[in-house]
Amino acid sequence: MKTLKNIRYSLIRLLLLLVLLAAVVAQAAEDPAKTPVRIGLTAVFLEHQRDFNNEWRHYLARRLGRPVVFVHRSNYDAIIDLLHEDKLDFAWLSGYPYVRHKDDLQLVAVPIYKGEPLYQSYLIVTGTDQKSRSLEDMRGKIFAFSDPNSNSGYLYIVHLLSESGEEPASFFGKAFFTWSHHKVVEAVASGLAQGGAVDGYVWDTLALTRPDLTAKTRIVSKSPQFGSAPFLANRSASPTAIDAFQRVLIQMQRNEDGRRLLKTLNLDGFAYGNEFLYDTIEKMSRTVEKQKE
Amino acid sequence: MISLKNLSLRYKIPLRIAALATGTAIMLSATLVYRDSKELRNNLISNADKMGRVIAGTLVEPMLHDDVWRVFEIINTPFHLPMINAVDADDEYILILNENNVIYASTKPERFPMLREPEDIDPRYIELLKAIPNDPRPSTEVVEPRNSENLFLLIPILSDGIRIGTLVMSYPKSPIIDHFIKLTEDAAMTTLLVLTLLLPLGVYWGHKMAKPLLQLSDVMRNVTPTLPDSGEIVVEESGDEIGQLGIAFKKMLAELKEKENLQQHVIASDRLAAIGRLTAGIAHEINNPLGGMLNAISTYKRHGVQDALTLKTLSILERGLLQIRDTVAALLVEAKARTRPFDLNDVADICTLIQSDVEKKQVNFTREIDITHAKSVSSTLVRQIIINLLLNAMQATQMHGHVHLNIHREHNDLLITITNNGSHIPPEKVAYLFEPFTSLSESGNGLGLWVVYQIVQQLGGGITVHSEPDDTRFVVQLPLPGIL
């Protein structure tokens with residue numbers, strides 16, 4: 001008799017505990033302050049030291065009042081897929097994927113570089129090559145692209161070739177992707193590739209941090225200006241979350257910590273973007289895709 | 001130039017030991033260095049092969065996807081990124097060839113650009129590419145082109161058994177050579193160190209080994225002109241061959257010495273005998289006319305003209321002739337006369353006769369006489385022997401000196417020993433001691449010992465002299481006839 005009573009008490013106690021646990025979990029799920037903000041990062045900016053990434057992450061978390069998680073992937077496609085699948089809240093991507101998936105994505109912020117939300121694509125060759133003057137000189141050569149989803153590191157060059165009815169596969173002796181602007185510079189500097197297309201902002205920033213590397217390359221030509229690689233969010237993302245993140249990014253230039261981080265990023269700040277910034281890219285994208293068809 | 005053949009064993013043995021030690025050390029070091037270098041090379045190849053296979057395995061995926069950059073990154077992993085580390089070895093690189101043996105990627109893209117044929121860049125590849133087997137097998141080919149300072153490993157990149165490319169690893173041989181040189185230097189140093197410790201030991205052993213031989217050689221060199229006494233011969237007398245040789249040599253020398261002594265003794269006896277015969281002959285020849293001359297003088301004195309001058313002249317002649325007769329008589333020792341046997345009275349007479357000399361020098365004269373069985377020897381002759389020898393002894397000994405006379409029987413001999421502690425007879429004089437007119441003193445006529453010798457000889461005995469400082473000993477041995 002006594003044991004039966006004991007078991008009943010134990011069961012009640014266990015039940016109570018479970019109810020309590022469920023309540024806590026539910027509260028945590030509802031509380032937006034506890035769910036982390038997931039941000040996808042790509043090679044549109046120079047992948048810095050872990051220290052910097054951590055510092056920036058902490059800064060954003062502090063400002064947002066929510067934990068922040070940085071998600072890295074080896075190529076743009078993977079990040080775009082995660083964004084589509086709602087596994088990311090925000091992603092820093094090239095203008096090219098933005099214009100391709102404009103219907104599903106919305107602009108959050110654009111970086112300000114040299115006072116403008118614009119950047120260029122650089123055509124670089126190995127430092128020993130003093131002859132090449134234009135893309136035409138790259139015919140039959142070995143060429144390094146960054147990512148097939150990159151505007152400056154792929155689309156611009158492909159578009160340029162398409163204008164004269166050329167295709168990378170036939171124009172170049174060999175073309176390959178390094179999946180990162182930084183590695184395009186490395187490929188060209190090492191002599192593996194004789195030429196490459198690289199994000200001008202990345203090359204400029206690299207010239208500050210790794211002058212030895214950029215010194216082994218030479219800029220042959222610079223493209224017209226394009227809209228900078230933007231921070232994007234899923235169409236379905238909550239306006240409040242976007243708002244909060246926008247504010248945090250834009251306010252970076254207004255405080256000491258933010259300015260220090262921006263300096264490392266070699267940026268002036270962030271601004272609300274305008275989709276018209278990406279009209280040129282969109283046009284190029286359409287031309288190229290039409291040609292492909 | 002000193003021929004090595006003529007070099008003394010004193011140097012030859014240590015030199016040979018040194019040469020042997022050095023040779024052994026060098027051979028040992030060389031073997032170790034060779035083995036180590038070979039092992040290093042095998043290790044290098046084995047490690048490179050393992051690494052190469054791992055790399056080749058990871059290259060399959062990116063190569064199938066034509067991801068040049070990934071391939072480049074992978075092959076650069078074992079090296080530092082070339083642009084970061086500018087001081088990498090020129091001959092240490094990885095090259096990826098595609099299935100058509102065209103360069104796909106390399107860690108030295110500037111030297112081996114993509115899409116080029118490697119044999120256009122480095123003619124050694126003509127030989128290298130021949131080593132790539134036609135059928136896909138997962139074996140590594142190690143190629144060492146002639147006159148090349150590189151070692152090449154060709155590792156196939158296989159995807160489902162199909163060769164999609166080849167991984168070429170080039171290794172400079174210089175680290176192996178450097179290692180070899182370093183090892184050789186180390187070995188040389190160690191060898192030197194060991195030799196500095198071993199060589200003095202070797203030299204010491206060498207000397208020790210050479211010592212008995214050198215001793216023997218020294219002794220042999222000193223054999224001429226005179227054979228050394230056995231006491232002077234210092235040779236190693238151990239059980240080994242050299243020791244045995246030394247002992248045998250010493251024995252041989254002793255025998256030679258004995259033979260030489262015997263020979264000298266025989267020569268001396270022969271000489272004395274010859275002198276004896278000669279003297280006897282001359283004495284006889286002189287005695288005959290001498291007798292006539294003395295007779296003539298005697299007759300003339302009795303019957304001739306008696307003037308003073310003639311008598312004086314004849315007297316001078318007679319005295320001279322008599323002196324000649326005495327001398328000749330002394331030379332011509334005749335032992336034939338049979339007299340009475342020797343007895344104690346003779347000893348007493350002898351003592352009386354030399355008493356004046358004993359007193360003059362205050363010599364301590366001692367006697368030890370046992371002549372119980374000496375009856376059969378002639379008293380006259382023995383007396384003469386003893387007196388002559390005693391007088392010589394008295395003469396030789398200093399004031400307050402010591403002279404001892406011992407007469408006793410030993411076996412079938414009578415032994416007469418006369419000892420004195422006077423000045424000793426030098427060895428070179430001993431050989432001629434018994435020849436006539438050999439005088440040790442100013443006063444004697446040098447016939448005393450000759451007479452003794454002649455008597456002893458005629459009695460069939462022997463006489464020996466032992467002379468050392470403070471101990472000169474004449475031993476006369478006379479056979480006792482009739483005692484058996």
Side-chain angles (χ1 to χ4, degrees), chain A residues 43 47 74-75 77-78 124-130 138-148 150 153-154 168-198 206-207 209-218, chain B residues 55 58-118 120-122 164-165 167-168 170:
Chain A
E47 294 271 2
S74 60
N75 57 56
D77 252 339
I124 56 168
V125 292
T126 40
T128 49
D129 174 8
Q130 295 298 328
M138 291 288 106
R139 186 183 290 277
K141 299 263 176 83
I142 296 149
F143 199 82
F145 288 121
S146 70
D147 192 295
S150 165
Y154 182 64
S170 53
F171 179 79
F172 298 115
K174 172 106 189 167
F176 61 89
F177 294 102
T178 67
W179 311 100
S180 141
H181 291 291
H182 176 209
K183 287 174 179 175
V184 169
V185 182
E186 270 184 18
V188 175
S190 70
L192 180 68
Q194 286 148 324
V198 65
L206 210 54
T209 56
R210 286 289 309 279
D212 58 313
L213 200 61
T214 49
K216 285 182 182 164
T217 65
R218 184 171 65 87
Chain B
I55 294 172
T58 50
L59 286 179
V60 175
E61 196 68 23
M63 276 188 84
L64 287 176
H65 288 105
D66 196 16
D67 192 343
V68 177
W69 178 254
R70 186 86 195 101
V71 170
F72 181 69
E73 279 188 323
I74 289 167
I75 59 174
N76 264 306
T77 328
F79 301 87
H80 300 287
L81 276 176
M83 41 266 179
I84 294 164
N85 187 3
V87 285
D88 54 348
D90 198 41
D91 283 324
E92 195 173 351
Y93 60 84
I94 294 178
L95 188 68
I96 307 295
L97 303 175
N98 68 11
E99 71 270 33
N100 301 321
N101 292 336
V102 169
I103 297 173
Y104 186 79
S106 78
T107 54
K108 293 202 176 291
E110 282 169 339
R111 190 166 155 211
F112 295 103
M114 230 183 282
L115 310 179
R116 291 275 300 277
E117 304 212 329
D120 295 346
I121 297 158
D122 188 340
I164 57 168
L167 178 90
V168 182
S170 162

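Numbers restart at 1 for each chain; the letters A, B, ... are given by sequence-line order, proteins then strands. The shown structure was predicted, so the numbers you read here are calculated from the model rather than taken from an experiment.
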For this session: Supply the atom-to-atom distance A/K141 NZ to B/L115 CG, rounded to the nearest 0.5 angstrom.
Result: 12.5 Å
Do [X] and [Y] have side chains that get closer than 4.5 Å, going by heavy atoms?
X: B/D66; Y: A/K174; value: yes
X: A/V184; Y: B/W69; value: no
X: B/M114; Y: A/F176; value: yes

For this session: Starting from the C-alpha separation in whole Å, work towards a yes-or-no answer on side chain to side chain contact (heavy atoms under 4.5 Å, CB included) for B/E73 and A/K183.
Result: CA-CA 10 Å; B/E73 279 188 323; A/K183 287 174 179 175; 2.9 Å; yes
Exercise. Chain B heavy atoms under 4.5 Å from A/L192: which part of the residue, side chain, backbone, both or neither?
Worked result: both
For this session: Mind running side chain to side chain contact (heavy atoms under 4.5 Å, CB included) on A/E186 and B/F72 for me, showing each step along the way?
Result: CA-CA 11 Å; A/E186 270 184 18; B/F72 181 69; over 6 Å; no
Exercise. Which heavy-atom pair separates A/S190 from B/P109 by the least distance, and what is that distance?
Worked result: O-CG, 2.9 Å
